[in-house]
Visitor: 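So that we are looking at the same thing, I have put the structure below in structure tokens.
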There are 2 protein chains.
Amino acid sequence: MSVHDITYDVRMARWEPDAQNRLRDAALTLFADGGYERTTVAEIARTAGVTERTFFRHFADKREVLFDGQARLQDAFVGAVTAADGDAAPMTVVATALDAAAALFPPERRAFARQRAGIVAANPGLQERELLKLATLTDAMADAFRRRGLAEPTASLTAHTAVVVFHVAFAQWISPDEQRSFADLCRSATEDLRTVTAS
Amino acid sequence: MSVHDITYDVRMARWEPDAQNRLRDAALTLFADGGYERTTVAEIARTAGVTERTFFRHFADKREVLFDGQARLQDAFVGAVTAADGDAAPMTVVATALDAAAALFPPERRAFARQRAGIVAANPGLQERELLKLATLTDAMADAFRRRGLAEPTASLTAHTAVVVFHVAFAQWISPDEQRSFADLCRSATEDLRTVTAS
DNA sequence: GTCTATAGTGCGATAGAC
DNA sequence: GTCTATCGCACTATAGAC
């Protein structure tokens with residue numbers, strides 16, 4: 001269902017509601033169709049029925065329209081670390097956090113994730129933004145581990161470990177023909193990493 | 001070999017030679033002085049005695065002027081992996097690669113690295129570019145490990161391990177009051193990471 | 001080397017909700 | 001009256017096209 005199908009009371013509203021959702025939907029459609037670079041902000045705004053200026057009120061820049069799932073992912077990760085048992089070993093907490101994150105990527109999201117990844121992979125600027133989001137996530141995780149009493153650089157290294165496993169497992173999850181669940185791929189990658197570092 | 005190494009005969013040159021070096025020097029000075037955002041490309045070009053157009057012929061975009069050490073770093077990392085003994089364990093190769101990289105950061109470079117890090121830290125766009133460079137480095141490392149016969153996802157996980165240790169050790173190296181050498185910090189971080197993942 | 005499209009900012013005006 | 005979302009317009013800098 002698209003935003004346009006929402007029933008609302010026209011008599012009280014000065015503008016169509018839900019401008020942010022309309023902008024995101026319009027952007028995704030236009031990017032998938034004509035490519036990220038060839039799609040202008042003016043075009044997105046026009047499609048969503050607002051002005052360019054309104055686009056920039058909802059999104060700090062053109063790239064940001066593709067990255068608003070970030071908050072939920074970070075909450076899942078950090079929430080799991082914060083909620084974990086106080087004397088659990090770091091890698092146990094990492095595994096719990098990865099399970100919490102994996103819940104956000106059920107099988108039915110895989111097709112969408114692949115399409116979105118295609119758009120991002122085709123544009124270096126979007127890759128940069130994706131990496132910044134992962135770095136922000138890493139920083140938030142390191143904070144959470146420090147609040148659990150881990151010192152530096154252990155807190156940072158643990159946070160990086162979690163995000164690297166997530167990153168590598170995600171790349172596998174969206175690769176062609178891959179069937180395994182995201183949670184399974186995370187567990188498998190964690191085990192592989194343990195083997196590598198133990199050598 | 002880069003353009004910087006070319007020997008010019010000044011008598012034959014229509015322009016002052018070494019425009020790229022002058023542009024980089026001008027940019028660093030102006031960024032440190034007035035901040036990255038408030039410094040325009042026009043200003044950098046004027047200071048270096050060339051036109052704006054010339055700036056963009058030497059650097060793909062405004063940010064790139066801060067990131068040309070990248071090639072040497074990547075060569076050090078990848079070269080060490082490629083040159084390593086064929087049956088050395090992955091973590092042994094990682095340690096060798098980190099030693100090769102550490103050679104690029106002698107004590108006398110620390111002050112400069114701190115100043116540059118301050119500029120980058122103050123601007124999200126520059127952080128994005130730095131992260132993209134690290135990701136490119138990771139990809140190149142993963143390739144080198146695959147050429148050594150490592151399968152996926154082990155090759156990627158090993159490459160990420162090396163870059164994470166580098167990244168965390170670098171952050172420590174430029175932190176205030178830090179005295180230890182970059183190589184020592186790498187070794188120490190590697191050991192910490194081993195302890196974390198073994199838990 | 002010039003020209004121009006596009007991203008992104010600053011600010012005042014407007015109109016409805018509360 | 002205040003708050004919030006929008007418009008509208010003028011403006012700058014980057015970056016790419018020609």
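Being a predicted model, the structure only gives us computed values, none of them experimental. Naming convention: chains lettered A, B, ... in sequence-line order (proteins, then strands); numbering from 1 in each chain.
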Visitor: What is the separation between atom CG on B:N123 and atom P on D:dT14, rounded to the nearest whole Å?
Guide: 12 Å
Visitor: Using whole Å, report how far CD of B:E43 lies from C1' of D:dT12.
Guide: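 Rounded to the whole Å, the gap is 14 Å.
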Visitor: Nearest whole Å is fine: how far is D:dT6 C1' from A:W15 CH2?
Guide: 4 Å
Visitor: Under 3.5 Å, is there a donor-acceptor pair between the B:T51 and B:T54 side chains?
Guide: yes
Visitor: Distance check needed: D:dA5 P versus A:F59 CZ, whole Å only.
Guide: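 A:F59 atom CZ is separated from D:dA5 atom P by 14 Å.
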Visitor: Check every atom of D:dT6, D:dT14, C:dG1 against the side chain of A:T54 and return the nucleotide holding the closest atom.
Guide: D:dT6
Visitor: Are A:V93 and A:D85 close enough that some pair of their side-chain heavy atoms sits under 4.5 Å apart?
Guide: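 Result no, sub-4.5 Å side-chain heavy-atom pair not found.
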Visitor: Could you tell me how far apart B:K62 (NZ) and D:dA13 (P) are, to the nearest whole angstrom?
Guide: 9 Å
Visitor: Keeping B:S188 on the side-chain end and B:D184 on the backbone end, is there a donor-acceptor pair under 3.5 Å?
Guide: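 The answer is no, because no donor-acceptor pair under 3.5 Å joins these two groups.
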Visitor: The side chain of B:T40 is closest to which nucleotide in this list: C:dG1, D:dA13, D:dT6?
Guide: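 Per side-chain heavy atoms of B:T40, the pick is D:dA13.
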Visitor: Check this for me: does the side-chain of B:R57 come within 3.5 Å of the base of C:dG1 through a donor and an acceptor?
Guide: no
Visitor: Would you indicate, yes or no, if D:dT6 has its OP1 or OP2 atom less than 4.0 angstrom from a side-chain nitrogen or oxygen of A:H58?
Guide: yes
Visitor: Within this structure, what is the CD-to-P distance between A:E52 and C:dT6, rounded to whole angstrom?
Guide: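 To the nearest whole Å, that distance equals 9 Å.
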Visitor: Separation of B:F55 atom CZ from D:dA13 atom C1', in whole Å?
Guide: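 Interatomic distance, CZ of B:F55 to C1' of D:dA13: 12 Å.
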Visitor: Choose from D:dC18, D:dT14, D:dA5 the nucleotide whose nearest atom is closest to any side-chain atom of B:R53.
Guide: D:dC18
Visitor: Does A:L98 form a side chain to side chain contact (heavy atoms under 4.5 Å, CB included) with A:F166? I'd like the steps, not just the answer.
Guide: CA-CA 7 Å; A:L98 286 167; A:F166 172 80; 3.9 Å; yes
Visitor: Rounding to an integer number of Å, can you tell me how far A:F56 CZ sits from D:dA13 P?
Guide: 17 Å
